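Take a look at the structure set out below.
This one's a predicted model, so the numbers in the text were calculated from it and none came from an experiment. Only this structure's heavy atoms are used, side chains among them; waters, hydrogens and symmetry mates stay out. Quick note on labels: first sequence line is chain A, next is B, and so on, each numbered from 1.
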2 protein chains.
Amino acid sequence: MAQKEISQAVIRRMPRYYRYLGELLDAGVERISSNDLSNQMQVTASQIRQDLNNFGGFGQQGYGYNVKYLYEEIGKILGLDQVHNIIVIGAGNLGQALTNYVKFERFGFKIIALFDVNPALEGVSVRGIKVHMLDELDDFCANNKVDIAALTMPKAKADITAKHLVSIGIHAIWNFAHVDLDIDNEDVVVENVHLSDSLMQLSYNIEKNKK
Amino acid sequence: MAQKEISQAVIRRMPRYYRYLGELLDAGVERISSNDLSNQMQVTASQIRQDLNNFGGFGQQGYGYNVKYLYEEIGKILGLDQVHNIIVIGAGNLGQALTNYVKFERFGFKIIALFDVNPALEGVSVRGIKVHMLDELDDFCANNKVDIAALTMPKAKADITAKHLVSIGIHAIWNFAHVDLDIDNEDVVVENVHLSDSLMQLSYNIEKNKK
DNA sequence: TAGATTGTTAATCGATTAACAATC
DNA sequence: TAGATTGTTAATCGATTAACAATC
């Protein structure tokens, strides 16, 4: 449990700060003021300072923020200094796409196995990572540190699979299935990626713009 | 331009209402009150009524909401009664995964072509949809109605590609590249799906829960 | 020291919730 | 008609922005 609760609105912005600071770092920029950053990111300087000060004072009056230091600190806040092992449940197109997305590894996210019910996928490997049959799931989780389960399966099975994952000790679910998982366990965190919802939002804005 | 601006917070919730109403419809439920829906969706009844009344009075006092009617009206609000043709720029794993996701078609989203620079993909088809070489893009857009371009390419090329798409008349971009597209054109709408950001948010919540 | 810029408090703005009159 | 439930106004809550004293 956290001591003082930080709103998810703030958390949602942190990866974006991290991204911009990473680019500044690559560009060799040493320090930056909240004002300069605010111009680049199109948010207010006030918001940047408020957001950061939820986690501590990372800046220095009269100087601004040291880019490298702030980048690293935000990385720690986001847990990117830890290794997070991921299993992907559903080795279809999306599951394989995620597995091929090597960039996640730079942030400490490592996909260590895929699972599927389709016997045709038995023995197949994606980027050297093996697809297991779903009945091996419990064994695998018992013998490996699994931090996150990504659900990239049809929505019909997603909820029951999620419940099962929780029952065998998984505490974090990255859900791509188009359902709200019904898990009432405070210790389990769920992050949804609802692509259809995203597309519908885009569609709304398209139609609105036509008017 | 819209007459009265409706906040994106409201828009973000509409697809979720649509989903729940679709399920109620499939389950044969004829009418529902904001209160019953609020229990199922875990939001306040007040919010449901406020949200819906941004778009008009879809309910009836003493009765509630007709499920089929409300479902269809929200569909119209989201533009799902229109056909939206999509092209996918970047025919890698993610582009192909999106193309294989047939469910989008149920909502009027139709992928009509993929584009890539990789000559190895020339002539390849995904679910019967052809992968074109990127140099055919302008021609294709001139001869076909293209409503949305999905960017599933590496981030290095995303911004310049987006600018080019806008210059040839594309007004909506579904961006999967890990950059903020720099487009200052009011008539162009961008919807971002930043998977790394989503994963980092999950990671934050994992680490927070450990404490 | 003077100038710059943070950290933080106070003011504003917007979104959510509560309450209730209108009405089916 | 009586009961139920919306549509909508008013109250509350939280998030964003502005302001400025602290301080490097």
Fill in: Rounded distance (nearest 0.5 Å) linking atom CD1 of Ile32(B) with atom CG of Leu25(B)
11.5 Å

Worksheet item: Which dot-bracket string fits DNA chain D when only Watson-Crick or G-U wobble pairs with both atom distances under 3.5 Å count, crossing pairs get [ ], and | stands for a partner on a different strand?
Response: ..||||||||||||||||||||||

Item to complete: Evaluate the criterion salt bridge (Lys or Arg N to Asp or Glu O under 4.0 Å) for residue pair Asp197(B) and Arg12(A); output intermediate values, then yes/no.
Response: CA-CA 8 Å; Asp197(B) 289 15; Arg12(A) 252 195 307 280; over 6 Å; no

Got a list of protein N/O to nucleotides 21-24 of chain D N/O distances below 3.5 Å?
unit_1: dC24(D); atom_1: O3'; unit_2: Gln60(A); atom_2: OE1; d: 3.2
unit_1: dC24(D); atom_1: O2; unit_2: Gln61(A); atom_2: O; d: 3.3

Worksheet entry | Distance, rounded to the nearest Å, where Arg31(A) contributes CZ and dT5(C) contributes P | 7 Å

Worksheet item: Does the base of dT17(C) carry an N or O that pairs as donor and acceptor with the side chain of Gln50(B) under 3.5 Å?
Response: yes

Practice prompt. Ignoring hydrogens and angles, answer whether the base of dA18(C) and the side-chain atoms of Ser46(B) contain a donor-acceptor pair closer than 3.5 Å.
Written response: yes

Fill in: Interatomic distance, Gln8(A) CD vs dG14(D) C1' [rounded to whole Å]
14 Å

Worksheet item: Hey, which of Tyr65(B), Tyr20(B), Tyr18(B) is the one that makes ring pair (Phe, Tyr, Trp, His ring centres under 6.0 Å) with Tyr71(B)?
Response: Tyr18(B)

Discussion item. What is the distance, to the nearest angstrom, from the OH atom on Tyr65(B) to the C1' atom on dT5(D)?
Written reply: 9 Å

Worksheet item: Would you say a side-chain N or O of Ser34(A) is under 4.0 Å from OP1 or OP2 of dT6(C)?
Response: yes

Fill in: Euclidean distance, atom CG of residue Asn66(B) to atom P of dT5(D) [Å, nearest integer]
15 Å

Item to complete: Determine: side-chain N/O of Arg49(B) to OP1/OP2 of dT6(D), distance under 4.0 Å, yes or no.
Response: yes

Worksheet item: Which is it for Asn185(A) and His171(A) under the side chain to side chain donor-acceptor pair (under 3.5 Å) test, yes or no, and what are the steps along the way?
Response: CA-CA 9 Å; Asn185(A) 183 329; His171(A) 285 87; over 6 Å; no

Discussion item. Is the ring pair His84(B)/Phe109(B) parallel, tilted or perpendicular, if the boundaries are 30 and 60 degrees?
Written reply: parallel

Practice prompt. Take the protein atom CG of Asn53(B) and the nucleotide atom C1' of dT16(C), then report the distance between them rounded to whole Å.
Written response: 15 Å

Practice prompt. Please report, rounded to the nearest Å, how far the P atom of dT5(D) is from the CG atom of Asn39(B).
Written response: 12 Å

Worksheet, complete the sentence: Walking DNA chain D from its 5' end, the first of Thr44(A) and Gly59(B) to be reached, judged by nearest nucleotide, is Gly59(B)

Worksheet, complete the sentence: note: Asp51(A), atom CG; dT6(C), atom C1'; distance rounded to Å ~ 15 Å

Fill in: Ring geometry between Phe104(B) and Trp174(B) (parallel below 30°, tilted from 30 to 60°, perpendicular above 60°)
perpendicular

Discussion item. I need the CZ-C1' distance between Phe58(A) and dT6(C), as an integer number of Å.
Written reply: 13 Å

Fill in: Side chains of Tyr101(B) and Asn93(A) in contact at under 4.5 Å (non-hydrogen atoms)
no

Worksheet item: Does some side-chain heavy atom of Gln60(A) sit less than 4.5 Å from a side-chain heavy atom of Arg31(A)?
Response: no

Item to complete: Please say whether more than 12 non-hydrogen atoms of neighbouring residues, nucleotides or ligands are located less than 6.0 Å from NZ in Lys163(B).
Response: yes

Practice prompt. Please work out if Arg13(B) contacts a base, only the sugar-phosphate, or nothing of the nucleic acid, heavy-atom cut-off 4.0 Å.
Written response: sugar-phosphate

